[in-house]
S.K.: 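Below is the structure I would like to discuss, written out as structure tokens.
Small disclaimer: the values here were computed from a predicted structure and weren't measured.
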Amino acid sequence: MTTETDRGTTRSFLFVLGSSRADGNSEILARTAAAQLPADVPQHWVDLNRTPLPDFEDDRHDTGTWPSGENEEELRRVTTEATDIVIVSPLYWYNVSAQTKRYLDYWSGWLSLPGARFTERMAGRTLWGVTVMADDEEVVADGLVTTLHHTAAYMRMRFGGVLLGNGSRPGQIRDDERAMLRAKTFFQGATPLALFPYEDGTAPEEP
């Protein structure tokens, strides 16, 4: 596994934990995958329950400015510093958790934040997902997968896919041998440029 991005910079992983439960099944699966990364690849873990954000207010078209809080500034900093962002969220009502969705909503505000260069800095980086669900049929997670894939496509990021597992009770993911095995090589997978279904693979315009 290479530790260099196409930009020639050393890789660094940000794991964003969006579960409502500490040490949940999704986190266990993510840490199993993360343990396979080379020792010289930095990992930064953020728990959205310990770094809470207020509900996002969209003021992009207002004359005023949204006052950034300390948690928001920290999350924006670690997001833009990572080459690989891993969304770790259980499947709640067939999509990401409320904490995760709120974090992604803040990306909308960062797009127009003066001096942030958020779109430019995120383009070419890689978005991944890890989720554990109670259902045995992985197709029920299609909504979550689409959310993350299309987010990557809009940001002109690469998409490494979503590592799926089965479990409900605490620690139950460890019984999903197939998921735990896939975790061993998950971050070695291909990371193609994410494209919307209507795009033909040619260089897209900036959003």
Side-chain angles (χ1 to χ4, degrees), residues 3 5 9-57 66-92 95-111 113 116-119 121-133 144-145 147-149 151-152 154-155 157-165 167 170-171 173 183 186-187 191 194:
T3 59
T5 66
T9 57
T10 302
R11 295 180 74 179
S12 60
F13 277 70
L14 170 66
F15 292 84
V16 182
L17 303 177
S19 177
S20 297
R21 182 169 60 194
D23 302 317
N25 286 304
S26 296
E27 180 178 348
I28 292 172
L29 186 58
R31 290 193 181 276
T32 301
Q36 314 308 312
L37 291 169
D40 61 348
V41 174
Q43 299 179 27
H44 188 82
W45 294 74
V46 172
D47 186 342
L48 294 178
N49 284 321
R50 297 178 180 271
T51 316
L53 294 167
D55 287 339
F56 175 69
E57 291 189 25
W66 171 258
S68 297
E70 181 178 347
N71 286 347
E72 178 186 349
E73 288 296 320
E74 173 65 10
L75 284 171
R76 182 171 62 85
R77 182 186 66 79
V78 296
T79 298
T80 55
E81 288 181 353
T83 63
D84 295 73
I85 295 93
V86 187
I87 300 297
V88 184
S89 170
L91 186 72
Y92 288 153
N95 214 308
V96 296
S97 67
Q99 296 93 323
T100 303
K101 179 59 167 60
R102 185 180 294 112
Y103 163 70
L104 292 175
D105 283 348
Y106 270 79
W107 286 26
S108 299
W110 299 341
L111 289 171
L113 186 65
R117 299 171 44 245
F118 189 67
T119 301
R121 297 181 69 178
M122 297 300 288
R125 298 172 188 267
T126 303
L127 187 66
W128 309 78
V130 178
T131 190
V132 174
M133 54 193 169
L144 180 147
V145 175
T147 291
L148 296 184
H149 176 272
T151 297
Y154 183 80
M155 298 301 299
M157 300 174 71
R158 297 182 177 278
F159 187 59
V162 179
L163 175 60
L164 300 171
I173 183 58
F186 179 56
F187 291 124
T191 58

S.K.: Please lay out, stage by stage, how Thr10 and Val41 fare under the test side chain to side chain contact (heavy atoms under 4.5 Å, CB included).
M.R.: CA-CA 8 Å; Thr10 302; Val41 174; 6.0 Å; no
S.K.: Give a yes or no on whether Glu70 atom CD has more than 12 heavy-atom contacts from other residues, nucleotides or ligands under 6.0 Å away.
M.R.: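 Counting other residues, nucleotides and ligands, CD of Glu70 stays at 12 neighbours or fewer.
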S.K.: Salt bridge (charged side-chain N to carboxylate O under 4.0 Å, His left out) with Arg77: which residues, sequence neighbours excluded?
M.R.: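 Residues passing salt bridge (charged side-chain N to carboxylate O under 4.0 Å, His left out) with Arg77: Glu74, Glu81.
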S.K.: Provide the closest heavy-atom pair for Trp110 versus Ala116 in the form atom of the first, atom of the second, distance.
M.R.: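 Closest approach of Trp110 to Ala116: O-CB, 4.0 Å.
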S.K.: Does a side chain donor of either Thr51 or Tyr103 reach within less than 3.5 Å of an acceptor in the other side chain?
M.R.: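 Judged by distance alone, the side chains do not pair up.
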S.K.: So does Phe56 get a backbone contact from the side chain of Asp105, meaning a donor-acceptor N/O pair under 3.5 Å?
M.R.: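 It does not hold such a pair.
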S.K.: If you apply the rule side chain to side chain contact (heavy atoms under 4.5 Å, CB included), what do you find for Thr100 with Ile87, and how did you get there?
M.R.: CA-CA 8 Å; Thr100 303; Ile87 300 297; 3.4 Å; yes
S.K.: Is any side-chain heavy atom of Thr151 closer than 4.5 Å to one of Leu127?
M.R.: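 They are in side-chain contact.
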S.K.: To the closest 0.5 Å, what do you measure between CZ (Phe118) and OH (Tyr106)?
M.R.: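 That separation rounds to 13.5 Å.
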S.K.: Quick one: are Gln36 and Phe187 in side-chain contact, heavy atoms under 4.5 Å?
M.R.: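 Counting from C-beta outward, Gln36 and Phe187 never come under 4.5 Å.
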S.K.: Going from CH2 on Trp107 to CG on Leu113, what distance comes out if it is rounded to the nearest 0.5 angstrom?
M.R.: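 Reported to 0.5 Å precision, the distance equals 15.0 Å.
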S.K.: Would you say the side-chain atoms of Thr131 pair up with the backbone N or O of Leu91, donor to acceptor, closer than 3.5 Å?
M.R.: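 Flag set: sc Thr131 to bb Leu91 pair under 3.5 Å.
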S.K.: Any non-hydrogen side-chain atom of Leu48 less than 4.5 Å from a side-chain atom of Leu75?
M.R.: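 Yes. Closest side-chain heavy atoms under 4.5 Å.
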S.K.: Return the minimal non-hydrogen interatomic distance between Ala30 and Phe15, and the atom names on each side.
M.R.: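 For Ala30 versus Phe15, the nearest heavy atoms are O-CE2, 4.3 Å.
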S.K.: Okay, side chain of Arg125, backbone of Ala82: is any donor-acceptor separation there less than 3.5 Å?
M.R.: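 Pair found, side chain donor or acceptor close to backbone of Ala82.
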S.K.: Applying salt bridge (Lys or Arg N to Asp or Glu O under 4.0 Å) as the test, list every pair that has at least one member in residues 20-38; sequence neighbours left out.
M.R.: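 Non-adjacent pairs meeting salt bridge (Lys or Arg N to Asp or Glu O under 4.0 Å): Glu27-Arg31.
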S.K.: Say you draw a straight line from CZ of Arg102 to CG of Leu53; how long is it, rounded to the nearest 0.5 Å?
M.R.: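 With rounding to 0.5 Å, CZ (Arg102) is 7.0 Å from CG (Leu53).
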S.K.: Which is it for Arg11 and Asp84 under the salt bridge (Lys or Arg N to Asp or Glu O under 4.0 Å) test, yes or no, and what are the steps along the way?
M.R.: CA-CA 7 Å; Arg11 295 180 74 179; Asp84 295 73; 2.6 Å; yes
S.K.: Do Phe159 and Trp128 have ring centres separated by under 6.0 Å?
M.R.: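 Between Trp128 and Phe159, which both carry aromatic rings, the centre distance is not below 6.0 Å.
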S.K.: Yes or no on side chain to side chain contact (heavy atoms under 4.5 Å, CB included) for Val162 and Leu148, after CA distance, side-chain angles and deciding distance?
M.R.: CA-CA 8 Å; Val162 179; Leu148 296 184; 4.1 Å; yes
S.K.: Is the closest side-chain heavy-atom distance between Val46 and Leu14 below 4.5 Å?
M.R.: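 They are in side-chain contact.
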S.K.: Indicate yes or no: at least one non-hydrogen side-chain atom of Ser20 is less than 4.5 angstrom from one of Gln99.
M.R.: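 Of all side-chain heavy-atom pairs linking Gln99 with Ser20, at least one is under 4.5 Å.
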S.K.: Is there side-chain contact between Thr83 and Thr126, with heavy atoms separated by less than 4.5 Å?
M.R.: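 No, every pair of side-chain atoms sits at 4.5 Å or beyond.
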S.K.: What heavy-atom pair brings Gly129 and Phe186 nearest, and what distance separates the two atoms?
M.R.: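 Result for this residue pair: O-CZ, 3.5 Å.
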S.K.: Does any N or O in the side chain of Asn25 come within less than 3.5 Å of the main-chain N or O of Val132, such that one atom is a donor and the other an acceptor?
M.R.: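 Answer holds: no.
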S.K.: Enter the distance from Ser26:OG to Leu163:CG here, rounded to the nearest 0.5 Å.
M.R.: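 Interatomic distance, Ser26 OG to Leu163 CG, rounded to 0.5 Å: 9.5 Å.
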S.K.: Go through the steps to decide whether Ser19 and Tyr92 satisfy the test side chain to side chain contact (heavy atoms under 4.5 Å, CB included), and finish with yes or no.
M.R.: CA-CA 9 Å; Ser19 177; Tyr92 288 153; 4.0 Å; yes
S.K.: Write down the atom of Asn71, the atom of Pro52, and the distance for their closest heavy-atom approach.
M.R.: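 Taking every non-hydrogen atom into account, ND2-O, 2.9 Å.
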S.K.: From Leu29 CG over to Ile173 CD1, what is the distance, rounded to the nearest 0.5 angstrom?
M.R.: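 Answer for the CG-CD1 pair, Leu29 versus Ile173, is 5.0 Å.
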S.K.: With rounding to the nearest 0.5 Å, note down the distance linking CD1 in Ile85 to CE in Met157.
M.R.: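 Rounded to the nearest 0.5 Å, the CD1-CE separation comes out at 4.0 Å.
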S.K.: With side chains defined as the heavy atoms from C-beta onward, is the minimum distance between Met122 and Thr79 less than 4.5 Å?
M.R.: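 Yes - at least one pair of side-chain heavy atoms lies under 4.5 Å apart.
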